[in-house]
A.B. asks: 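This structure is in structure tokens; I'll ask about it shortly.
The sequence lines fix the lettering, A, B, ..., with proteins before strands; numbering per chain opens at 1.
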Protein chains: 2
Amino acid sequence: MNRGAPKLSDVARMAGVSPATASRALSTPGRVRPETRARVDHAARLLGYVPHGAARALASQRSRMIGAVIPTLDNAIFANSVNALQGTLAESGYTLLLGSHAYNPVTELQVTRELIERGADGIVFVGTDHDPQIYRMLATFRTPYVLIWSLDPSGRHPCIGFNNRDAAIRVTRHLLDLGHRRFGVISGLTAHNDRVRERLAGVRDALRARGLELSPQAVVERPYSFASGQQAMRELMGRRPSPTAVVCINDVLAIGAIIECRAAGIDVPGDVSITGFDDMEISAQLAPGLTTMRVPTVELGRAAATYLLDRLAGREVATFTELPVELVVRGSTGSPQLESPPGPQHAVR
Amino acid sequence: MNRGAPKLSDVARMAGVSPATASRALSTPGRVRPETRARVDHAARLLGYVPHGAARALASQRSRMIGAVIPTLDNAIFANSVNALQGTLAESGYTLLLGSHAYNPVTELQVTRELIERGADGIVFVGTDHDPQIYRMLATFRTPYVLIWSLDPSGRHPCIGFNNRDAAIRVTRHLLDLGHRRFGVISGLTAHNDRVRERLAGVRDALRARGLELSPQAVVERPYSFASGQQAMRELMGRRPSPTAVVCINDVLAIGAIIECRAAGIDVPGDVSITGFDDMEISAQLAPGLTTMRVPTVELGRAAATYLLDRLAGREVATFTELPVELVVRGSTGSPQLESPPGPQHAVR
DNA sequence: TTGTAAGCGTTATCAG
DNA sequence: CTGATAACGCTTACAA
């Protein structure tokens, strides 16, 4: 791909120095006389020299590329994080290699292999649920990595995330405090998704602490999509007695749920309360009284980049970072519901 | 980064063949005896061999990586395309290198250089507005590329896109046909963004064809954000006489505009009509009567991947592909407005 | 079909 | 501070 393009030796010749010196002038400017550095820089500029990354990687054993393995970019949540990740990496001259797996563990393994093969100096993963083979590969290739979105309870893997279970507990408690007793949950698919499982567990924990159980039919598990959320909401509202509060495990599902409520003429909140996770800006507009958990997507991306860059530079790094999640109570889902058993309330996330 | 990891020579030794044969067995299975191929495969599997991408790229002059240079991932529109692009590439063993520039042409040039440096075998760009230096670099390095989202009128650059101007014309005509005469436009920033300029020109064209002009104050130019859209809408509705129809150049702005209408108690459509571009699923929920232009984001990503893969494989490729854009008329923004000058109508996109 | 050997364009080591 | 020179791990003529 570099056919005909100027190479380092061309730059060196033009500057009247050896390739070695040219290399140094370009990558470690401090190690050459200012004057020769100027000559080399000038020659490089004149020739439009662009270093050959593969050659450089081969010789230096560093690719200056960081990989990210994510479920999908369709979820705005991950797109935001990836955007921040890429931006932060670029500031340090690193390029992002992107792989997604659509929640398929086999694909994930494959994608990871691919990134390692391309020489990723480090890799970012989402969540803690990964094939043991993945961790084995990372160890074999001594590839630094970090898990984001979740906290690793085992402490075996470096992670930057937040307490998904606790966030769900807080959201649920909020609903309980509003007086709700009949709950429904619109969940994402739990397979290969620790975030969903933790959040679900959090809802259960909070309810149990107040002597309530979540019956199997009170939980609807669906893939992330507006349509799923709509349909799930319809099902839940069809149950008798119908829930007065519904917790949505993800914002996409929440939006679907809200849409369904509007279509069915159900007031949110009022007849129903919704609480949620992730990126709820739009959801909040759909249902102004919405209560949500705001997840630090941008911070996750930035922190992951910083972690890996620091690690690669041999700097000290914290191997366990918990980020705060903010409970955002909008409008007045408040006291009214406390007296009369309110309509359904939904915890969105 | 490959320290301690098995290399091709290890596989070769274990299989009892030369490195050359091992290489062939792995990358061109057809060129070796089935029996030796099996031995090599077995050895590779046993050792957990992962090829060294940089070495391979250096020797073969091909990286099996494709770059994408996009404005941002924060816009769901681009995220969808990138997702499709990455997925299609992965099916053919290609990995995606991602760069974004936040609508900054200097950053874009830099990012492009970075991708070329990393050895991208091909690059996808958004739109036609690019620094001439970018095209020069692409030529120097003989890097295949393709522009998506727009059609290149000059015919100089391969492109896969749709007619942005025509789409805007159709949307505007629709509003005209509904009886609207007083228009407002919420535009994105026109600098370095041919899509916005084309769409804006389309609105002007359609109006002019019916003897109407768009006064300077009827156009509000803002960066993409919900807040911008809200604010712009407020400004437009403050004008006297106020517009009965508003065209939003992008869905993010549209959502903001709709939010503002709801907050102000303005009915959409009814007091106001909205029409839009890009991903209007949510907008449509916020304003059920919304008319929109549906942009083929997934197809754009897929087609771009296919184009580059075909080109790299030496296959025939169409260098100019126009994709259809669908005008989606929802609800009944219809006849009511035809009689009485309707409230403001907004073309969202 | 397989092996030999010469690169691919940089960086790193080691003298000078 | 600078210059030879040997890797880096793989592919690919060319020969056998």
A.B. asks: CZ of B:R31 versus P of D:dT11: gap in Å, rounded?
C.D. replies: 14 Å
A.B. asks: Using salt bridge (Lys or Arg N to Asp or Glu O under 4.0 Å) as the criterion, list what pairs up with B:R33, not counting sequence neighbours.
C.D. replies: B:E35
A.B. asks: Can you find a side chain N or O atom of A:Q61 that sits less than 4.0 Å from OP1 or OP2 on D:dG9?
C.D. replies: yes
A.B. asks: Rounded to whole angstroms, how far apart are NE2 on A:H52 and P on C:dG7?
C.D. replies: 17 Å
A.B. asks: Is any side-chain N of the basic residue among A:K7 and A:D10 closer than 4.0 Å to the acidic one's carboxylate O?
C.D. replies: no
A.B. asks: Find the distance A:R39:CZ to D:dT2:P and express it as a whole number of Å.
C.D. replies: 8 Å
A.B. asks: Which residue, A:T128, A:I77, A:L323, forms the side-chain contact (heavy atoms from CB on, under 4.5 Å) with A:W149?
C.D. replies: A:I77
A.B. asks: B:L58 CG to D:dG9 P: how many Å, rounded?
C.D. replies: 12 Å
A.B. asks: Let's go through A:R197 and A:D129 carefully: what are the C-alpha distance in whole Å and the side-chain angles of both, what is the deciding distance for salt bridge (charged side-chain N to carboxylate O under 4.0 Å, His left out) to 0.1 Å, and is it a yes or a no?
C.D. replies: CA-CA 11 Å; A:R197 288 200 305 278; A:D129 251 23; 2.9 Å; yes
A.B. asks: Round to the nearest Å and state the distance from A:F141 atom CZ to D:dG9 atom C1'.
C.D. replies: 13 Å
A.B. asks: Looking only at heavy atoms, which two atoms of B:L8 and B:Y49 are closest? And how far apart?
C.D. replies: N-CE1, 3.4 Å
A.B. asks: For the pair made of CG in B:L26 and P in C:dT2, what is the distance, rounded to whole Å?
C.D. replies: 14 Å
A.B. asks: Can you check the A:D10 CG to C:dT10 P distance for me, whole Å?
C.D. replies: 9 Å
A.B. asks: How does protein contact run along nucleotides 11-16 of chain C, one letter per nucleotide 5' to 3', with B for base contact, S for sugar-phosphate only, - for none, heavy atoms under 4.0 Å?
C.D. replies: BBB---
A.B. asks: Listed by chain and number, what are the side-chain contact (heavy atoms from CB on, under 4.5 Å) partners of B:T319, not counting sequence neighbours?
C.D. replies: B:P158
A.B. asks: Please state how far atom NZ in A:K7 lies from atom P in C:dG7, giving the value in whole angstrom units.
C.D. replies: 11 Å
